[in-house]
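Numbers for residues simply follow the sequence, beginning at 1. Hydrogens, waters and symmetry mates play no part in the numbers below; they use all other heavy atoms, side chains included.
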Amino acid sequence: MLSPSRVKYRKSMRGRRRGKSKRGFNVSFGEWGLMALEPAWITANQIESARVAINRKIKKYGKLWIRIFPDKPFSKKPAETRMGSGKGGHEGFVAVVKPGKMIFEVAGAEEALVKKALYVAANKLPIKCKIVEREVI
């Protein structure tokens with residue numbers, strides 16, 4: 001599972017998920033990419049699940065880049081707890097994803113195989129995604 005080695009603060013505020021991605025919206029490393037169309041928090045487990053799905057499809061024929069990293073800690077209160085008594089304990093890490101952000105990139109495999117792999121990975125994620133091709137300059 002992906003997680004940062006250290007964080008400055010154990011508990012962070014929720015923040016806002018408005019607006020579009022400011023950077024990371026081009027296919028920079030691979031030939032094909034999976035682009036987010038909605039804002040979301042994507043957990044480390046969801047990223048790992050999608051990564052495993054892509055690697056199973058493309059096998060040894062392609063290379064995969066993960067363009068997001070879960071660096072935001074989130075907390076959760078236990079079930080059936082009364083209101084008050086502070087913020088809950090640390091639950092895990094999430095990556096904040098905004099519309100337009102490239103999540104995964106793949107290169108080195110044939111087009112049909114890559115599209116199928118990215119489609120399967122998109123179904124593992126909690127948001128709508130789009131498969132995009134690298135623009136030729």
Side-chain angles (χ1 to χ4, degrees):
M1 229 60 63
L2 293 172
S3 68
S5 56
R6 275 186 318 138
V7 287
K8 193 165 185 180
Y9 300 107
R10 279 187 321 124
K11 297 176 184 177
S12 68
M13 291 201 272
R14 293 179 63 82
R16 300 285 177 266
R17 291 186 287 188
R18 295 175 52 185
K20 297 200 181 332
S21 179
K22 291 188 176 106
R23 59 183 69 85
F25 43 78
N26 293 325
V27 180
S28 302
F29 302 101
E31 298 163 3
W32 295 89
L34 190 66
M35 179 188 279
L37 297 177
E38 297 174 339
W41 279 1
I42 298 183
T43 65
N45 288 340
Q46 291 165 343
I47 295 169
E48 179 68 11
S49 169
R51 183 194 69 81
V52 167
I54 292 172
N55 280 336
R56 281 194 179 146
K57 287 287 179 192
I58 63 172
K59 299 190 170 90
K60 61 184 179 187
Y61 300 110
K63 177 151 176 53
L64 172 69
W65 288 269
I66 304 171
R67 295 284 306 271
I68 58 175
F69 186 80
D71 56 355
K72 181 183 181 77
F74 74 98
S75 60
K76 195 172 185 182
K77 294 189 82 158
E80 299 180 12
T81 305
R82 292 185 177 188
M83 296 294 287
S85 72
K87 193 170 180 173
H90 175 265
E91 188 74 16
F93 291 95
V94 294
V96 179
V97 174
K98 292 186 175 182
K101 179 76 174 168
M102 204 60 59
I103 301 172
F104 293 104
E105 290 185 23
V106 181
E110 59 185 54
E111 180 179 342
L113 195 63
V114 169
K115 281 189 173 181
K116 181 67 178 167
L118 291 175
Y119 177 77
V120 170
N123 286 326
K124 301 276 184 191
L125 298 174
I127 56 173
K128 290 181 186 170
C129 296
K130 177 169 75 170
I131 299 169
V132 292
E133 189 175 7
R134 183 181 205 136
E135 294 179 5
V136 180
I137 300 170

Are any of the side-chain heavy atoms of Val114 and Glu31 separated by less than 4.5 Å? no
Tell me whether Lys124 at atom NZ has more than 12 heavy atoms from other residues, nucleotides or ligands lying less than 6.0 Å away. no
Please tell me if the side chains of Phe93 and Thr43 come closer than 4.5 Å, counting only heavy atoms from C-beta onward. no
Ring geometry between Trp65 and Phe29 (parallel below 30°, tilted from 30 to 60°, perpendicular above 60°): parallel
Roughly how far, to the nearest 0.5 Å, is the NE2 atom of His90 from the CZ atom of Arg10? 9.0 Å
Sidechain-backbone polar pair: Lys77 side chain, Gly86 backbone, donor-acceptor under 3.5 Å: yes
Does one hydrophobic cluster hold both Val106 and Met35, with members joined at side-chain heavy-atom distances below 4.5 Å? no
Hey, could you give me the CZ/CD1 distance between Phe104 and Ile66, rounded to the nearest 0.5 Å? 5.5 Å
Please check if atom NZ in Lys11 has more than 12 non-hydrogen atoms from other residues, nucleotides or ligands closer than 6.0 Å. yes
Ile68 with Leu37, same ILVMFWY side-chain cluster at under 4.5 Å: no
With sequence neighbours excluded, what pairs up with Glu48 under the salt bridge (Lys or Arg N to Asp or Glu O under 4.0 Å) test? Arg51
Those residues at least two apart in sequence (or on a different chain) that pass salt bridge (Lys or Arg N to Asp or Glu O under 4.0 Å) with Lys115 are Glu111
Rounded distance [0.5 Å steps], CE in Met102 versus SG in Cys129: 10.5 Å
Does one hydrophobic cluster hold both Leu118 and Tyr61, with members joined at side-chain heavy-atom distances below 4.5 Å? no
Using 0.5 Å steps for rounding, measure from the CD1 atom of Ile42 to the NZ atom of Lys101. 10.5 Å
Answer yes or no: is there a donor N or O on one side and an acceptor on the other, between the side chain of Gln46 and the main chain of Leu125, under 3.5 Å? no
Applying salt bridge (Lys or Arg N to Asp or Glu O under 4.0 Å), name anything that partners Glu80, two or more places apart in sequence or on another chain. none
Nearest heavy-atom pair of Ser75 and Lys87: which atoms, and what distance? OG-CE, 3.1 Å
Summary of side-chain hydrogen bond (donor to acceptor under 3.5 Å, both in side chains) pairs that have at least one residue in residues 14-26, sequence neighbours excluded: none
d(Ile54 CD1, Ile103 CD1) to nearest 0.5 Å is 9.5 Å
Of the non-hydrogen atoms in Ala95 and Phe69, which two are nearest, and what is the gap between them? CB-O, 3.5 Å
Mind listing the closest non-hydrogen atom pair of Gly30 and Ala107 along with its distance? CA-CB, 3.7 Å
Does the side chain of Pro99 come within less than 4.5 Å of Pro39's, by heavy atoms? yes
When rounded to the nearest 0.5 angstrom, what is the spacing between CD1 in Ile58 and CH2 in Trp32? 14.0 Å
Residues in ring pair (Phe, Tyr, Trp, His ring centres under 6.0 Å) contact with Phe25, at least two apart in sequence or another chain: none
Residue pairs meeting salt bridge (Lys or Arg N to Asp or Glu O under 4.0 Å), one or both in residues 63-76, sequence neighbours left out, come to Arg67-Glu105
Is there a path from Leu34 to Val96 through hydrophobic residues (I, L, V, M, F, W, Y) whose side chains come within less than 4.5 Å of each other? no
